[in-house]
Amino acid sequence: MNNNLLLGVTGSIAASKTEELHSLLVDSYNIKIISTTEGLKYISKSFITNHNVLSSWEDAPGSPHIELSRWADKVIIYPATANFIAKLSSGISDDLLLSTMLMYKKSIYIAPAMHEEMYLAKETQANIINLSDRHIFCGPRYGNLDIGDQGLGRLLEPTEILEILKKRLLDLLII
């Protein structure tokens, strides 16, 4: 059974949903969290402290990118910004989260969240296509976005991610 889940958080206002996702998954998984520096701005200080959220090399001794990539049975990036997707697609590893993702050898669940113009930009679409042969994109959906806009780019709700994880597990058991 896949019991160890690594939850990656990037710098989107949608990262505020990370705490709810964590609460839905905590009974089924051992969870460790890595956030980008920007991602820390959108999750509460108490959550960061209570769940030992890692964000830099100084947060964990040794080689955390190696250890965490080998520890994780599953990885979810929730939310994934256009910047994160572009860096991952290009093999850039300039922070702890990206370095860990480049070490990770299985498919990553990636839940994009950004404005529609960013999501539909040809560069972003090319990066998604590049990553799609190996990783699982979850969303986005059409809905309310930042600053009162609506469009394609809304992060899937935590309950939707939970259902995707359950369905993927059932698919694997049936095969």
Side-chain angles (χ1 to χ4, degrees), residues 1-56 59-60 64-85 87-88 95-114 119 128 131-132 134-141 143-145 153-175:
M1 181 102 183
N2 297 326
N3 291 328
N4 294 332
L5 183 130
L6 185 59
L7 177 57
V9 182
T10 69
S12 166
I13 193 166
S16 61
K17 296 180 181 185
T18 300
E19 295 177 42
E20 183 182 349
L21 178 62
H22 182 274
S23 70
L24 291 173
L25 298 174
V26 72
D27 290 335
S28 301
Y29 296 98
N30 302 312
I31 302 173
K32 293 187 181 183
I33 305 164
I34 302 175
S35 177
T36 63
T37 303
E38 289 298 309
L40 293 176
K41 296 177 181 179
Y42 300 102
I43 51 180
S44 71
K45 300 271 188 237
S46 63
F47 183 81
I48 293 167
T49 302
N50 292 336
H51 299 289
N52 192 30
V53 176
L54 305 174
S55 66
S56 71
D59 293 339
H65 64 302
I66 297 170
E67 294 163 11
L68 290 169
S69 70
R70 292 177 180 167
W71 171 85
D73 296 310
K74 288 186 182 177
V75 172
I76 302 173
I77 307 299
Y78 186 87
T81 60
N83 183 54
F84 176 84
I85 291 168
K87 287 182 174 184
L88 184 61
D95 64 21
L96 180 58
L97 180 57
L98 284 160
S99 295
T100 305
M101 294 307 91
L102 288 176
M103 283 289 304
Y104 190 69
K105 297 303 174 206
K106 299 176 191 170
S107 294
I108 300 167
Y109 291 84
I110 301 172
M114 62 200 75
Y119 180 71
I128 289 170
L131 293 170
S132 291
R134 183 164 166 233
H135 302 298
I136 302 158
F137 278 82
C138 307
R141 65 176 24 253
N144 294 330
L145 304 172
R154 183 176 175 81
L155 181 66
L156 293 185
E157 296 301 319
T159 53
E160 293 173 296
I161 295 295
L162 179 62
E163 289 304 311
I164 289 169
L165 291 175
K166 285 181 182 177
K167 182 179 180 341
R168 292 287 298 187
L169 178 59
L170 288 174
D171 289 345
L172 293 173
L173 292 175
I174 291 170
I175 294 175

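Counting begins at 1 with the first residue of the sequence. Both backbone and side-chain heavy atoms feed into the values below; hydrogens, waters and symmetry mates do not. Here the structure is a predicted model, which means the values were calculated and not measured.
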Close side-chain approach of Ile43 and Ile48, heavy atoms under 4.5 Å:
yes
Looking at every heavy atom in both Gly139 and Tyr119, which two are closest together, and how far apart are they?
O-OH, 4.2 Å
Taking Thr10 for the side chain and Thr81 for the main chain, is one N or O donor matched with an acceptor at less than 3.5 Å?
yes
Nearest non-hydrogen partners of Ser12 and Pro79, listed with the distance
CB-CG, 3.7 Å
With a 4.5 Å heavy-atom cut-off, do Tyr104 and Arg70 have their side chains touching?
no
Determine, step by step, whether Glu38 and Lys41 satisfy the salt bridge (Lys or Arg N to Asp or Glu O under 4.0 Å) criterion, reporting the C-alpha distance in whole Å, the side-chain angles of both residues, the deciding distance to 0.1 Å, and the verdict.
CA-CA 6 Å; Glu38 289 298 309; Lys41 296 177 181 179; 2.9 Å; yes
If the condition is side chain to side chain contact (heavy atoms under 4.5 Å, CB included), which residues does Ser132 pass it with, not counting sequence neighbours?
Ile128, Phe137
Test your reading of the model: is there a side-chain donor-acceptor pair from Asn30 to the backbone of Asn4, 3.5 Å cut-off?
no
Roughly how far apart are Ile34 CD1 and His65 NE2, rounded to 0.5 Å?
10.5 Å
Contacts of Glu19 that satisfy salt bridge (Lys or Arg N to Asp or Glu O under 4.0 Å) - sequence neighbours left out
none
Is the shortest side-chain heavy-atom distance between Ile76 and Cys138 below 4.5 Å?
no
Residue list, side chain to side chain contact (heavy atoms under 4.5 Å, CB included) with Ile31, at least two apart or on another chain
Leu5, Leu7, His22, Leu25, Val26, Tyr29, Ile33
Would a 4.5 Å heavy-atom cut-off, applied to side chains only, mark Asp95 and Leu98 as touching?
yes
Verify, without hydrogens or angle tests, whether His135 (side chain) and Tyr109 (backbone) share a donor-acceptor contact under 3.5 angstrom.
no
Restricting to side chain to side chain contact (heavy atoms under 4.5 Å, CB included), what partner residues turn up for Asn52, sequence neighbours left out?
Leu54
Shortest non-hydrogen contact from Pro112 toward Pro140
O-CB, 3.7 Å
Distance alone, cut at 3.5 Å: any donor-acceptor contact between the side chains of Asp59 and Ser55?
yes
Given side chain to side chain contact (heavy atoms under 4.5 Å, CB included), test Lys87 with Asn83 step by step and report yes or no.
CA-CA 6 Å; Lys87 287 182 174 184; Asn83 183 54; 3.7 Å; yes
Could you tell me if the side chain of Met114 sits less than 4.5 Å from the side chain of Leu155, heavy atoms only?
no
Under 3.5 Å: donor-acceptor pair, side chain of Thr18, backbone of Ala15
yes
Under a 3.5 Å distance rule, please check whether Arg154 uses its side chain to pair with a backbone N or O of Asn144 as donor and acceptor.
yes
Does any non-hydrogen side-chain atom of Tyr78 lie less than 4.5 Å from one of Val9?
no
If I compare all heavy atoms of Leu156 with all of Ile164, which pair ends up nearest, and what's the gap?
CD1-CD1, 3.7 Å
For the residue pair Val53 and Ser35, what are the closest heavy atoms and their distance?
CG1-CB, 3.8 Å
Check whether any side-chain heavy atom of Leu6 lies under 4.5 Å from a side-chain heavy atom of Asp73, and answer yes or no.
no
Glu160 with Arg141: basic N within carboxylate O range, under 4.0 Å
yes
After noting the C-alpha distance and the side-chain angles of Ile110 and Ile136, does the key distance pass the side chain to side chain contact (heavy atoms under 4.5 Å, CB included) rule?
CA-CA 6 Å; Ile110 301 172; Ile136 302 158; over 6 Å; no
Taking the side chain as everything from C-beta on, heavy atoms only, tell me whether Ile85 gets closer than 4.5 Å to Leu131.
yes
Between the NZ atom in Lys17 and the CD1 atom in Ile161, the distance rounded to the nearest 0.5 Å is 10.0 Å
Listed once per pair and sorted, the salt bridge (charged side-chain N to carboxylate O under 4.0 Å, His left out) pairs that draw on residues 25-37, sequence neighbours left out:
none
Can you list the residues that meet the side chain to side chain donor-acceptor pair (under 3.5 Å) rule with Ser46, with sequence neighbours excluded?
Ser44
Ignoring hydrogens, what is the shortest heavy-atom contact between Lys106 and Ala72? Give both atom names and the distance.
NZ-O, 4.0 Å
